[in-house]
Amino acid sequence: MLHQAWQLCGRWCRWSSSVVHLIMLTVMTFGVVAPLICHRLLHSYFYLRRWHLNPMSQEFLEHNQQEGQDALHYFEKMQIPNASEASGSDAFQPLLLITIITVQRRYDFHYVLQVASRFHRLLQECGAHCRSHRVLLCNVESDPSSHQDVRLLSSFFPMVSRDRTGENPDPRVNQFEKEKQDYVFCLEQSLLSYNPQYILIVEDDAVPEKEIFSVLQHLFLARFSKPYLRDALYFKLYHPERLQHYFNPEPMRILEWLGLGMLLGPVLSCVYSWALGRPSPSWLLVLFFALYSMALSELVGRHYLLELRRLHPALYNVVPVTECCTPAMLFPAPSARRALGYLQGLHCRQGFAKDTALYSLLWAKGENAYVVEPNLVRHVGMYSSLRLNSSPKLL
């Protein structure tokens, strides 16, 4: 009897000590360590918005303004190529056409120069692997000659313009419909001018990441041949970081989140048991660490876990698309032709912009589309061409 009592007491002590350990771990992790480490992480729930948002937004604007000046100097110092090189008059079919769609914005930030200079550098660094890539500027400013940055870039890249100078404005064309029409024009001109295998439509405030071409090469050679990706309508190369959390209506995110818990739960529980010199962990301990790791990953931010995938192109994720937004969209040529026909039959308005229109086509036309994670471009344009804001913020 006494022996059984000692056994029960021992089990109770071990259980109660484990409960104390886990409570202390939870309090220290979520109440002390994570807030101290993550309070400046913009896309974390631990981010102290009241303390950091205004100074970080101002710092970003100043840094981006300097990047705009650097891009301006980059092209001012560059030797102007001969006419055939600048016009892209070579007759072969490009594998990839990068079409930069641009409109005049805040001149001091030189958004389109930032994007064009970055692509120019990366193409030079890419070398032989990118010889079949071309860049096209698509100027959709109402008066094309007023876009000063494009006048500079026209010496280095081929350009098409949607000239509406002197036209009477159509009252039925709101700013969202105009943006859609501009997009359709640039997509159509890309097909007519080059007939490429793929078209990457990039907005003029979407700066490419350094690994964009190595990832695209991997996708072209190894991933896009898969049956479920072959006929996709489009591939998004950017999704806003603030919308990348696990706790989201997207089913794939929930499955990914559960998978993370199923992986880390057993691992962390085994480490905990080994550290305390105890036998194999119980299922309750595994469940605790699964929930612990899921909560920590969500609160710190899925965006920061996605950044680990940049270690190698094969680690990039290609998952079903979400609705917002269109800074960088990759269209296979046959899909681009289908998208053109679809978009021409839609009228955009507030609440139904071109990104929503494209997303609506997936259900209406039985199409599929995907997003590549992590992002392959950075969205730097805090001054929108659609919405005026004199004091923009990062969030």
Side-chain angles (χ1 to χ4, degrees), residues 97-107 109-112 114-116 136-147 149-150 153 159-165 167-192 199-207 233-240 243 321-331 335-362 364 369 371 377-389 392:
L97 178 65
I98 304 155
T99 300
I100 304 173
I101 180 170
T102 180
V103 67
Q104 179 71 56
R105 295 203 240 183
R106 285 282 300 261
Y107 181 69
F109 284 86
H110 302 289
Y111 287 130
V112 68
Q114 293 186 50
V115 175
L136 175 68
L137 294 174
C138 187
N139 181 8
V140 294
E141 183 65 26
S142 298
D143 178 7
S145 62
S146 67
H147 197 331
D149 287 339
V150 166
L153 290 175
M159 182 182 67
V160 293
S161 297
R162 189 178 181 217
D163 192 347
R164 296 181 301 281
T165 307
E167 292 183 8
N168 292 323
D170 186 343
R172 295 171 299 177
V173 178
N174 58 66
Q175 58 183 350
F176 299 97
E177 174 63 14
K178 177 192 175 298
E179 187 188 41
K180 185 217 75 177
Q181 291 180 6
D182 291 340
Y183 204 83
V184 166
F185 171 81
C186 293
L187 192 56
E188 186 175 36
Q189 289 299 311
S190 300
L191 288 167
L192 292 174
I199 303 170
L200 174 58
I201 301 283
V202 181
E203 296 176 6
D204 60 2
D205 56 359
V207 178
L233 186 62
Y234 59 84
F235 298 89
K236 278 176 48 174
L237 305 189
Y238 174 85
H239 191 63
L243 302 178
V321 78
T322 47
E323 183 174 335
C324 174
C325 305
T326 58
M329 305 281 283
L330 182 68
F331 294 88
S335 302
R337 294 184 179 92
R338 298 201 307 275
L340 272 177
Y342 296 153
L343 288 173
Q344 287 168 345
L346 295 175
H347 185 82
C348 289
R349 59 191 182 278
Q350 188 169 6
F352 190 71
K354 68 179 189 301
D355 55 348
T356 307
L358 280 166
Y359 189 70
S360 71
L361 295 171
L362 304 183
V371 60
V377 300
R378 290 183 295 114
H379 186 241
V380 300
M382 292 179 66
Y383 289 97
S384 173
S385 60
L386 289 179
R387 302 168 184 85
L388 298 178
N389 188 351

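In terms of heavy-atom proximity, F352 sits nearest to S360 at CZ-OG, 3.8 Å. Nearest approach of M382 to Y111, heavy atoms of both residues: N-OH, 3.4 Å. Nearest heavy atom pair, residue A336 against residue L191, reads CB-CD1, 4.1 Å. Here the closest heavy-atom approach between residue K236 and residue V321 is recorded as CD-CG2, 3.2 Å. The two residues L346 and E177 make their nearest non-hydrogen contact at O-OE1, 3.9 Å.
Annotation: the span from I199 atom CD1 to T99 atom OG1 amounts to 6.0 Å, rounded to 0.5 Å. Rounding to the nearest 0.5 Å gives a distance of 4.5 Å between CD1 of I201 and OG of S190. A distance of 8.5 Å separates CD1 of I100 from CG of D204, quoted to the nearest 0.5 Å. Atom CZ of F185 is separated from atom CG of N139 by 9.0 Å, given to the nearest 0.5 angstrom. Between R162 atom CZ and I101 atom CD1 the span is 9.5 Å, to the nearest 0.5 Å. Note that CD of E141 and CZ of R105 are 11.0 Å apart. Values are rounded to the nearest 0.5 Å.
For the pair C138/L136, no side-chain contact is recorded, criterion being any heavy-atom separation below 4.5 Å from C-beta on. Between L200 and L237 the shortest side-chain heavy-atom distance falls below 4.5 Å. Counting only heavy atoms from C-beta outward, the side chains of D149 and T102 never approach each other to under 4.5 Å.
Proximity of a side-chain donor or acceptor of Q344 to a complementary backbone N or O of V184 within less than 3.5 Å is not detected. At least one donor-acceptor pair under 3.5 Å links the side chain of N174 to the backbone N or O of C348.
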Checking V103 against D182 for the side chain to side chain contact (heavy atoms under 4.5 Å, CB included) test, could you report, in this order, the C-alpha distance in whole Å, the side-chain angles of both residues, the deciding distance, and whether it holds?
CA-CA 10 Å; V103 67; D182 291 340; over 6 Å; no

Pairs of donor and acceptor atoms involving the side chains of residues 322-331, under 3.5 Å and at least two apart or interchain, shall be tabulated with distances.
residue	atom	partner	partner atom	Å
T322	OG1	H239	ND1	3.1
T322	OG1	H239	NE2	3.2
E323	OE2	T356	OG1	2.9
T326	OG1	E203	OE2	2.8
T326	OG1	K354	NZ	3.0

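For the 3.5 Å distance criterion, the side chains of Q175 and E179 fail to qualify, holding no donor opposite an acceptor.
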